[in-house]
Every structure is written in structure tokens, then in C-alpha cells.
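Here the structure is laid out as C-alpha cells; the discussion comes afterwards.
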Number of protein chains: 2
Amino acid sequence: MAKANPARICPVAAFQRMISGKYKLRIVWDLKDGPRRYGEIRSGLLRGTEGSAEITPRVLSRELKALTASGLIDRKDFGEVPPKVEYRLTRKGKSFVPVVAAIRDWGDRHLSEAVSLVDAAE
Amino acid sequence: MAKANPARICPVAAFQRMISGKYKLRIVWDLKDGPRRYGEIRSGLLRGTEGSAEITPRVLSRELKALTASGLIDRKDFGEVPPKVEYRLTRKGKSFVPVVAAIRDWGDRHLSEAVSLVDAAE
DNA sequence: CAGCATCCTGCGTGATACTG
DNA sequence: CAGTATCACGCAGGATGCTG
């Protein structure tokens, strides 16, 4: 079982590592309404960030695996062809939704309109 | 002025960008108790992640600037020598604290003991 | 449809040294 | 003390093409 690290591990830092990457949080958020298929998640990632190109399979696949490894989501493969795979939140993942909701809520209030990130940069 | 992007910008994605990096969240959390000096923040980053080495000035400096640009923290320079600079949360930054608290709280409950990130990796 | 294989690039992060 | 200047490196993330 890991290494039985008795020391503090700073939940905030752990969280940072866990959701590192550009899409993990959005994926979790997308999954809050129920299971979704690979392609659906992919499509969902497009809406809301028209500026960027489509997420590549390589990246999405990695994010999905990382989330699975973190225990936030679960992969369900409906055998055979044509391939059909669904991803759904685990219990842990579901417990995480309110946190993302809080994030989304805050973001809605404080950075939906303008400010920062763009003009304040240089 | 930015670009007056009228479309949805997905608060979650915006959040991701805003707190991207390994230390931003922790810095904000450290600042919740009041203003702190550059060196204090640096020291604070050490506790809780004994695995990694000390944060380098270059990195800390950038994180601080990014947070300032995001409008989460504010830099107060007490003129002259010897240099003394304090960083404190802005109003926006303070409103963000509860969110980090939620994150920390969740992390405490779900990844303080063991699991993920280590053994589930490969 | 749901991926994997390969190659490539930028940037986030770190180490070290120097300065006002 | 509070940074900046350089150099270096690994990895996240994207592009393209292929497969079961």
C-alpha cells in the first residue's frame, strides 16, 4: 500500500497533481450527468473552447487513464465490435463533483465576463 | 479590451488555466491568514512536500506574477533597502479561499491516507 | 468507434549564479 | 532580502496516420 507516508501530504498539492492537465476537471464535470462514451466526451470538450482545436485521441486517452488511475472515473467496456466504451464517475468521483461545482460557481462570478489572463499578462 | 469574446468561456477551463502550475493554489492558501513576505511564502511552500526540493526564485516569482495578473493577490513593496515585499489576497482572492478550502477538505477526506497517484500509476 | 504508434514542439520547472 | 539572468530538461499536449 503505497509507502505509508506518515507525514502530511498537503491535500492542496495532491489535488493539484491529480487534476493537472487541461481537461481533467472538465471531463469530471461532463460526467456528472451520467455515463458518457469516449466520443461524447470528446465532443463535449469542444463546446466552450472554440479557440482551441479538437483534443487529440492521444491526449484524451491519457487524461482518461489518469482519472481512472486516480479513482475518479471508471471505464466500462461493452465487449466486441463495434467498440463501445463508457466512462462514469466512481463514488469518489461523485463526491468530487460538488467541489468542481464550487469552482465553476466561483469562476462564473469572477471570471466569466472579462479581466485577467489576457490583458493583464504583459 | 481583450477581444470581447462573447461566447461562453467555460469557468472550469478558465479556472484550470488560472491555477495552472504546482504552487498557485498553495500560495493562495498560505495567504489566507494574512499578508506574507516573499521569503515566508517560500518557506511555507517547503512544509508539506518534503519530497521535492525548495522552490526556486525564478518559479516562485513567476507564480506570484501570474497570481497578481489574475487579480488574486496584490503586491506591496515597502520601498528602499533592505527589500521588503508583502503579498496579500485581493478581494477576489479572498472570495476564492472558500473554494480552496473545499478542495482541501475534499482532499483531506479522499486522498490523505493512501490510494492513487502512486500504486495505481502503472 | 475507440483507441494506439510515432514524431515534434513549447513551456513549465529546476539548478546555478548574480544584483540592487 | 527579493528578486533577475541563463542554461538545461522532461513532459504535457498537439499533428498524423494506422488498427481491431
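Just so we're on the same page: letters track the sequence lines, and every chain starts at 1. What you see is a predicted model; the values in this text were computed from it and never measured.
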Spacing of B:E63 atom CD relative to D:dT4 atom P, expressed in whole Å: 14 Å
Euclidean distance, atom CZ of residue A:R42 to atom C1' of D:dG14 [Å, nearest integer]: 12 Å
Presence of B:R37 side-chain N/O under 4.0 Å of D:dG3 phosphate oxygens OP1/OP2: no
Sugar-phosphate, base or nothing in reach of B:P82, heavy atoms under 4.0 Å: nothing
Separation of atom CG in B:L60 from atom P in D:dC1, rounded to whole Å: 14 Å
Side-chain N or O of A:K65 closer than 4.0 Å to phosphate OP1/OP2 of C:dC4: yes
Gap between atoms CD and C1', on B:E80 and D:dA2 respectively (whole Å): 14 Å
Bending between helix ends of the helix from C:dC1-D:dG20 to C:dG20-D:dC1 [5 pairs per end, 10° resolution]: 60°
Sugar-phosphate only, base, or nothing, as touched by A:R62 at under 4.0 Å among non-hydrogen atoms: base
Phosphate OP1/OP2 of D:dG3: any B:Y87 side-chain N/O under 4.0 Å: yes
Candidate pair B:R42 and B:E54, rule salt bridge (Lys or Arg N to Asp or Glu O under 4.0 Å), full reasoning: CA-CA 8 Å; B:R42 186 171 185 181; B:E54 201 170 312; 3.0 Å; yes
Separation of atom CD1 in A:I19 from atom C1' in D:dA12, rounded to whole Å: 14 Å
B:S61 vs D:dA2: side-chain N/O to OP1/OP2 distance below 4.0 Å: no
Length of the line joining A:E54:CD and C:dC1:C1', which is rounded to integer Å: 14 Å
A:V81 vs A:R58, nearer the 5' end of DNA chain D by closest nucleotide: A:R58
Test: A:K94 cationic atom under 6.0 Å from A:F96 six-membered ring centre, within 45° of axis: no
Whole-Å gap separating C1' (D:dA12) and OH (A:Y23): 10 Å
Flag side-chain contact, heavy atom, 4.5 Å: A:Y23 against A:I55: yes
pair B:R26-A:C10: side-chain heavy atoms closer than 4.5 Å: yes
A:T56 side chain near D:dT16 phosphate (N/O to OP1/OP2, under 4.0 Å): no
Student check: side-chain heavy atoms of A:L25 and B:F15 closer than 4.5 Å: yes
A:K22 NZ - D:dC11 C1' separation (whole Å): 14 Å
Heavy-atom side-chain contact between B:I27 and B:E63 under 4.5 Å: yes
Min side-chain heavy-atom separation A:S61-A:K65 under 4.5 Å: yes
Earlier contact from the 5' end, DNA chain D, for A:P83 and A:S20: A:S20
